[in-house]
Amino acid sequence: MGAREDGTAGGRGTGHGTRRGTGRGPAPWVTPLYVGALQFGALATARLPAPRRTALLRAHSTNVANLRAGRWGTLATSAAFVEEPLPLAYGAALLATLGAAEVRWGTARAATVFAAGHMGASLLVYAGLRARRGGGARPAARAPGGDGGTAHAVDVGASYGFYATLGALAASLPHRGARAAATGGLLALGAVPVVRRGRTFTDVGHLTALVLGVGMGVAGATVRGRVPATGWRRLGPVASTTPARSGAVGAGPAAVRRGAGSAHGGIASPRGVV
């Protein structure tokens, strides 16, 4: 238990207030575990016979066949598998992006953004493929996954959640110019594969996840800007300069009541009386 600069006692609540004020949290721990599990899982599945490996990945894919059959659990399990071991550059980018989000927002919010981007993009891509199939149009390109085509494609990985987290981080940068440049640049890069010939549904999914992430980043910044700061950091200095506190020193009970009432519109403040 220590003392703060404003005279209030520090402790467990003080630590939380300091992290909110500085925008920094503890070191990330979920991100390294998740990325490490992805890599070890990919190395393990790579040792399986090819037919068994493909069957395993298809069983956890958010493809049209699984979702149409009501296998909604694949929306979660698909993020736990990747088709190949992570390349060094992609693994480092995934670790850095998810780790930065966990440090800045905390584990719970970072996981929420990742999950919302992954599941939201998967569902929107599924809806688009179903609508296109219902309209009689053929897929623009066959996705990876062998002879099953798009409906039975292998569609696993962390890329949708990665793109969503990256978009949310860009849209929540504190500097307006950097925020606009980062958001616009990411959206432009995400749109390039979509407008080219030979695009796949995963290209559309990446852009969709990026847009969802930008939306979540903008919404989070708007909420934080509208909700006033609370807690010991704000209440301490305000209470210490209240006229009721200065009027209560050696002035007797009547002065205490008059000072508290005038300072708070007729409602006595317990902090001012004490």
So ring pair (Phe, Tyr, Trp, His ring centres under 6.0 Å) across residues 39-69, not counting sequence neighbours, yields His60-Phe81

For His118, the ring pair (Phe, Tyr, Trp, His ring centres under 6.0 Å) test, sequence neighbours excluded, returns none

So ring pair (Phe, Tyr, Trp, His ring centres under 6.0 Å) across residues 168-188, not counting sequence neighbours, yields none

Q.
Checking Met119 against Thr62 for the side-chain contact (heavy atoms from CB on, under 4.5 Å) test, could you report, in this order, the C-alpha distance in whole Å, the side-chain angles of both residues, the deciding distance, and whether it holds?
A. CA-CA 9 Å; Met119 295 183 183; Thr62 53; over 6 Å; no

For Ala191 and Leu207, the nearest pair of non-hydrogen atoms, with its separation, is N-CD1, 3.9 Å

(Q) How about CG on Leu88, more than 12 heavy atoms from neighbouring residues, nucleotides or ligands closer than 6.0 Å, or not? (A) no

Interatomic distance, CG@Leu124 vs CG@Leu129, rounded to 0.5 Å, equals 11.0 Å

If hydrophobic clusters are built from ILVMFWY residues whose side chains come within less than 4.5 Å, do Val194 and Leu210 share one?
yes

Under the criterion side-chain contact (heavy atoms from CB on, under 4.5 Å), I'd like the reasoning laid out for Asp155 against Tyr126: C-alpha separation, chi angles, the key distance, then a yes or no.
CA-CA 11 Å; Asp155 188 17; Tyr126 165 67; over 6 Å; no

Does the ring centre of Tyr90 sit less than 6.0 Å away from the ring centre of Phe162?
yes

Smallest heavy-atom separation, Ser172 atom then Gly217 atom, equals CB-O, 4.3 Å

Heavy atoms of Val154 and Leu57 approach each other most closely as CG1-CB, 3.8 Å

- Task: Kindly indicate whether the side chain of Val30, heavy atoms from C-beta on, has any atom under 4.5 Å from the side chain of Leu33.
- Result: no

By side chain to side chain donor-acceptor pair (under 3.5 Å), Arg68 pairs with (sequence neighbours left out) none

Inset, instruction - Look at the side chain of Thr31 and the backbone N and O of Leu98, then say whether any donor-acceptor pair between them is shorter than 3.5 Å. - result: yes

If hydrophobic clusters are built by linking Ile, Leu, Val, Met, Phe, Trp and Tyr wherever their side-chain heavy atoms come under 4.5 Å apart, do Leu75 and Val125 end up in the same one? yes

request  = Return yes if some donor-acceptor pair links the side-chain N/O of Thr97 with the main-chain N/O of Leu94 below 3.5 Å, else return no.
outcome  = no

Evaluate the criterion side-chain contact (heavy atoms from CB on, under 4.5 Å) for residue pair Tyr163 and Thr208; output intermediate values, then yes/no. CA-CA 9 Å; Tyr163 274 72; Thr208 302; over 6 Å; no

Task: Check: Glu102 side chain, Trp29 main-chain N or O, donor-acceptor pair, under 3.5 Å - done: yes

CG of Leu189 to NE2 of His206, rounded to nearest 0.5 Å, is 13.5 Å

Heavy-atom closest pair (Ala79 atom, Phe114 atom, distance to 0.1 Å) is CB-CE2, 4.3 Å

Applied to residues 33-46, the side chain to side chain donor-acceptor pair (under 3.5 Å) test, sequence neighbours excluded, yields none

Of all heavy-atom pairs linking Asn63 and His152, the shortest is ND2-C, 3.5 Å

Show your reasoning for whether side-chain contact (heavy atoms from CB on, under 4.5 Å) applies to Trp72 and Leu123.
CA-CA 10 Å; Trp72 302 108; Leu123 288 173; 3.9 Å; yes

Nearest heavy-atom approach of Arg130 to Val64 is CD-CG1, 3.7 Å

Any donor-acceptor N or O pair under 3.5 Å, side chains Asn66, Ser61:
no

(Q) Do Leu67 and Thr74 have side chains that approach each other closer than 4.5 Å (heavy atoms only, starting at C-beta)? (A) yes

The reported gap from CG in Leu95 to CG in Leu38 (rounded to nearest 0.5 angstrom) is 11.0 Å

With sequence neighbours left out, the residues meeting salt bridge (charged side-chain N to carboxylate O under 4.0 Å, His left out) with Arg71 are none

Within the distance-only criterion (no hydrogens, no angle test), does the side chain of Arg53 pair as donor or acceptor with the backbone N or O of Leu48 below 3.5 angstrom?
no

Less than 4.5 Å apart, any side-chain heavy atom of Leu86 and any of Val82? yes

**Prompt:** When hydrophobic residues are tied together by side-chain contacts of less than 4.5 Å, even through go-betweens, does Val211 share a cluster with Val218?
**Reply:** yes

